[in-house]
Peer 1: 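Pasting in a structure now, in structure tokens, and then I'll have a few things to ask.
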Amino acid sequence: MFGLNPGIGRASRNFYRNVFALAAFAVFAAALLTDSPICFAAAAAFGALSRTAVKKNWKTPAIAGRLPWLTRKM
């Protein structure tokens, strides 16, 4: 456990990062099951959107209050 801060939870505060990461894993699982190149490309696109949300610091929308399991408390 090198470099980990035990005082900080694993969930990110960035709503869009979590949404796109969840979509990427779901589509990647579908891609593995169906062996579809379109699904692999979609999983890569969702992964790129997840990283973009972090780099561009996209703000959490108002609807995030209804989905507390996607973000940790601020």
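Treat the numbers as computed from the prediction; the structure is a model and nothing was measured. Here, residue 1 is the first one in the sequence, and each next residue gets the next number.
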Peer 1: According to a hydrophobic-cluster definition based on side-chain heavy atoms being under 4.5 Å apart (Ile, Leu, Val, Met, Phe, Trp, Tyr only), do Tyr16 and Phe25 belong together?
Peer 2: no

Peer 1: Looking at Phe28, I want to see if its CZ is surrounded by more than 12 non-hydrogen atoms of other residues, nucleotides or ligands under 6.0 Å.
Peer 2: no

Peer 1: So Phe46 and Phe20, would you call those rings parallel, tilted or perpendicular, with 30° and 60° as cut-offs?
Peer 2: parallel

Peer 1: Give me the atom names and distance for the closest heavy-atom approach of Ala24 to Gly47.
Peer 2: CB-N, 3.9 Å

Peer 1: Short question: side chain of Ser50, backbone of Arg17 - any donor-acceptor pair under 3.5 Å?
Peer 2: yes

Peer 1: Is the count of non-hydrogen atoms from other residues, nucleotides or ligands lying under 6.0 Å from Leu32 atom CG greater than 12?
Peer 2: yes

Peer 1: Would you say Val27 and Ile38 are hydrophobically clustered, going by side-chain heavy atoms of ILVMFWY under 4.5 Å?
Peer 2: no

Peer 1: Taking it one step at a time, do Phe40 and Thr34 satisfy side chain to side chain contact (heavy atoms under 4.5 Å, CB included)?
Peer 2: CA-CA 10 Å; Phe40 282 109; Thr34 63; over 6 Å; no

Peer 1: Kindly say whether Thr60 contributes a backbone atom to a donor-acceptor pair with the side chain of Asn14 at under 3.5 angstrom?
Peer 2: no

